[in-house]
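Sequence positions, counted from 1, serve as the residue numbers for this chain.
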Amino acid sequence: MAFKPLHDRVLIRRVESDEKTKGGLIIPDTAKEKPAEGEIVAVGEGLRDDDGKRVKLDVKKGDRILFGKWSGTEVQLDGEDLLIMKESDILGVIG
C-alpha cells in the first residue's frame, strides 16, 4: 500500500469482533456494532513544536489500540476498509 498519513494521523484496520457470544449465540451482521479496536497500519511523522522540531507519535505500526466509537474517517484503500484518525482520538494501546 502506497499511503502515508500526514502529521499526527494514523491509518487503522479494524479488528473484527467475535461472531458468537460467550453463551454460544451467533450474532448476525445486522446486530453487530463496528468494533472500536484496531491495528495501526501506518503512522505519520508527527507534528512540529514551537521550535520546529518534530514531536514523534506515541503509537507505532502494529500496535493494537482502542478508539472512540465515532472516531476517524472511513476510507477504502486497495479494496480494504480502513480508518484515518488523529493520534488524540486513540484511547489507549492494548498489551
Side-chain angles (χ1 to χ4, degrees):
M1 178 180 315
F3 180 83
K4 179 151 179 82
L6 296 177
H7 309 295
D8 64 338
R9 290 179 178 81
V10 294
L11 184 65
I12 297 166
R13 177 182 299 118
R14 287 184 193 268
V15 175
E16 294 301 321
S17 58
D18 294 334
E19 294 187 12
K20 289 185 180 181
T21 64
K22 290 181 182 179
L25 297 175
I26 296 175
I27 303 169
D29 288 339
T30 55
K32 286 184 188 175
E33 287 190 23
K34 289 186 177 179
E37 182 178 332
E39 178 182 351
I40 296 180
V41 177
V43 297
E45 294 182 8
L47 293 174
R48 294 192 182 272
D49 64 12
D50 293 336
D51 297 328
K53 294 180 184 173
R54 187 77 67 181
V55 177
K56 293 200 177 223
L57 297 155
D58 290 330
V59 294
K60 63 186 178 308
K61 182 178 176 179
D63 282 350
R64 287 184 62 107
I65 56 150
L66 291 176
F67 51 88
K69 187 174 186 176
W70 305 109
S71 299
T73 301
E74 293 181 356
V75 296
Q76 192 172 51
L77 297 170
D78 296 336
E80 184 176 13
D81 292 329
L82 301 169
L83 283 171
I84 297 175
M85 69 179 66
K86 290 189 169 214
E87 183 187 35
S88 60
D89 291 334
I90 297 173
L91 303 175
V93 178
I94 301 171

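To the nearest 0.5 angstrom, Phe3 atom CZ is 9.0 Å from Leu82 atom CG. Going from atom CG of Leu83 over to atom CZ of Arg14 covers 4.5 Å, rounded to the nearest 0.5 Å. Interatomic distance, Ile65 CD1 to Glu39 CD, rounded to the nearest 0.5 Å: 10.0 Å.
For residues 85-95, there are no salt bridge (Lys or Arg N to Asp or Glu O under 4.0 Å) pairs, not counting sequence neighbours. For residues 46-57, the pairs satisfying salt bridge (Lys or Arg N to Asp or Glu O under 4.0 Å) are Glu45-Arg54, with sequence neighbours left out.
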How far apart are the C-alpha atoms of Glu74 and Asp81, what are their side-chain angles, what is the distance that settles it, and do they pass the side-chain contact (heavy atoms from CB on, under 4.5 Å) test? CA-CA 7 Å; Glu74 293 181 356; Asp81 292 329; over 6 Å; no
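In terms of the salt bridge (Lys or Arg N to Asp or Glu O under 4.0 Å) criterion, residue partners of Asp63 (sequence neighbours excluded) are, by chain and number, Lys60.
Hydrophobic clustering of Ile, Leu, Val, Met, Phe, Trp and Tyr side chains at less than 4.5 Å, counting indirect connections, keeps Leu66 apart from Val59. Note: the hydrophobic cluster containing Ile40 does not contain Ile94 (ILVMFWY, side chain heavy atoms under 4.5 Å, direct or indirect links). Both Leu77 and Val41 belong to a single network of hydrophobic side chains, linked directly or stepwise wherever heavy atoms of I, L, V, M, F, W or Y lie under 4.5 Å apart. No continuous path of ILVMFWY side-chain contacts below 4.5 Å connects Ile12 to Leu91, so the two sit in separate hydrophobic clusters.
Closest approach of Pro5 to Leu11, counting heavy atoms only: CG-N, 3.9 Å. Minimum interatomic distance between Arg9 and Leu57 (heavy atoms only, all atoms of both residues): O-CD1, 4.4 Å. The shortest non-hydrogen separation linking Val15 to Arg64 is CG1-NH2, 3.3 Å.
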